[in-house]
Amino acid sequence: MTDSYNVVKQIRNTGNATVIDVSGEVDLQHSSTLRTALMTQIAAKPEKLIVNLEEVSYMDSSGVATLVEALQRMRRGKGKLVLIKLSPRVLNVFEIARLDTIFIIHESEQEALEA
Amino acid sequence: MDDLKVAVPVKLGIVSDPAFLPVVRATVGRMAELIGFCCDDSDKIILALDEALANVIRHGYDGRSDGPVELSFERVEREGASGIKINIRDQGKQVDLSKIRSRDLEDIRPGGLGVHIMNTVMNDVRYDCPADGGMALTMIKYIEPAAQPTVSGEQTQRSPQQASPDKST
């Protein structure tokens with residue numbers, strides 16, 4: 001079977017932040033695509049990296065692990081990684097993994113930009 | 001369609017290609033709903049199964065995408081509570097059962113969350129190393145009493161999910 005879509009929908013710059021819009025199912029098959037996009041952006045040393053998960057319908061632990069790695073790399077570079085617009089289903093995965101308090105999570109992009 | 005009342009296993013045969021994961025997720029999710037699980041619990045069952053299959057692909061088959069994986073989903077009953085039993089059988093590497101356990105979640109790092117998720121979500125998680133090779137995994141989850149469907153078919157408020165002890169070690 002072939003990979004039919006890219007979970008990284010768009011990467012854009014807004015003010016001092018880089019925003020990655022993610023969509024679809026971030027699972028074992030697709031989390032490596034997200035990882036590549038995140039690591040590429042982190043290498044450019046953004047002050048703030050916002051990951052918009054509004055259109056993510058499903059995420060497994062490989063997706064969560066990818067975001068944990070990104071968080072750690074951003075912290076090492078003194079940057080800030082912010083997650084926004086998590087659906088209850090996606091937030092639930094973070095809660096089960098007890099990682100919901102590790103990340104900065106906001107409901108809107110505006111809140112994330114001002115944080 | 002009426003809720004699933006009969007304990008006839010639904011069987012799926014796939015290979016260890018992550019591209020099949022959405023197919024399995026859709027199947028188990030629908031089956032869980034038909035058994036009577038609420039949407040939230042169906043999502044958790046989907047997640048637990050997904051994590052189990054990810055482990056088969058990554059560790060059992062070392063990322064190979066052509067390893068056979070047999071799955072079955074079955075309605076079960078215990079003390080009046082309906083549930084779902086999931087069996088996963090592969091022909092990958094056998095693993096020392098004592099080494100299958102949750103890691104310390106205080107250690108914030110990527111990876112290693114799958115077993116924790118499975119043990120937290122499901123009521124029972126049992127691994128076995130069959131004599132003819134590969135691994136066998138059985139996971140069971142029951143509908144919590146407060147969430148059992150009522151006569152009208154609606155579900156009452158369920159109590160918060162209780163984390164089950166690690167039974168895989």
Side-chain angles (χ1 to χ4, degrees), chain A residues 1-7 23-39 42 51 53 56-76 81 83 86-105, chain B residues 14-26 28-29 38-61 63-66 69 102-122 160-164:
Chain A
M1 293 174 82
T2 55
D3 192 353
S4 58
Y5 66 91
N6 189 337
V7 292
S23 69
E25 299 185 323
V26 185
D27 62 2
L28 186 62
Q29 185 181 17
H30 297 105
S31 57
S32 60
T33 306
L34 175 59
R35 183 181 183 279
T36 300
L38 285 166
M39 296 310 143
I42 291 169
V51 184
L53 300 174
V56 172
S57 56
Y58 177 80
M59 182 176 288
D60 71 1
S61 72
S62 71
V64 172
T66 298
L67 292 171
V68 170
E69 183 183 4
L71 174 69
Q72 292 177 329
R73 290 198 180 204
M74 283 297 289
R75 282 178 175 174
R76 278 201 290 273
L81 183 122
L83 308 181
L86 281 70
S87 68
R89 190 184 197 194
V90 171
L91 180 60
N92 199 19
V93 183
F94 285 83
E95 290 171 346
I96 292 170
R98 298 183 206 162
L99 289 167
D100 52 312
T101 57
I102 303 301
F103 286 91
I104 302 169
I105 298 174
Chain B
I14 61 169
V15 290
S16 54
D17 185 333
F20 283 100
L21 292 177
V23 178
V24 177
R25 289 197 295 264
V28 76
C38 65
C39 184
D40 186 43
D41 278 352
S42 292
D43 284 347
K44 288 175 178 170
I45 292 165
I46 289 168
L47 181 64
L49 175 57
D50 205 42
E51 297 297 335
L53 287 173
N55 283 344
V56 169
I57 294 168
R58 281 192 293 214
H59 306 302
Y61 287 116
R64 268 176 46 211
S65 61
D66 60 350
V69 183
S102 301
R103 69 168 173 81
D104 180 7
L105 296 184
E106 296 302 314
D107 176 18
I108 305 299
R109 60 178 169 84
L113 295 168
V115 174
H116 164 77
I117 289 172
M118 290 156 57
N119 286 330
T120 300
V121 165
M122 305 300 285
Q161 174 71 37
Q162 297 296 313
S164 64

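Letters A, B, ... are given to chains in the order of the sequence lines, protein chains preceding strands, and every chain is numbered from 1.
With a 4.5 Å cut-off on non-hydrogen atoms, A:D60 touches chain B through its backbone and its side chain both.
When each of B:I117, B:L47, B:L53 is scored by its heavy-atom pairs under 4.5 Å with chain A, the top score falls to B:L47.
Between the side chains of B:D43 and A:Y58, not a single donor N or O lies within less than 3.5 Å of an accepting N or O.
The distance from atom OG1 of B:T120 to atom CD of A:E95, rounded to the nearest 0.5 Å, is 12.5 Å. Expressed to the nearest 0.5 Å, how far CG of A:L99 lies from CG of B:L113 amounts to 6.0 Å.
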Practice prompt. Take B:E51 and A:V93 through the side chain to side chain contact (heavy atoms under 4.5 Å, CB included) test and state the conclusion after the steps.
Written response: CA-CA 11 Å; B:E51 297 297 335; A:V93 183; 5.7 Å; no
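A distance-only check finds a donor-acceptor pair linking the side chain of B:H116 to the backbone of A:I96 [under 3.5 Å].
Counting heavy atoms from C-beta outward, B:K44 and A:N92 have side chains that approach closer than 4.5 Å.
Closest heavy-atom contact between A:S61 and B:G114: OG-N, 4.3 Å. Between B:R58 and A:S62, the shortest heavy-atom distance links the atoms NH1-CB, 4.1 Å. Pairing each heavy atom of A:L28 with each of B:P18, the nearest pair is CD2-CG, 4.1 Å.
Between A:D27 and B:R25 a salt bridge is recorded (basic side-chain N to carboxylate O distance below 4.0 Å).
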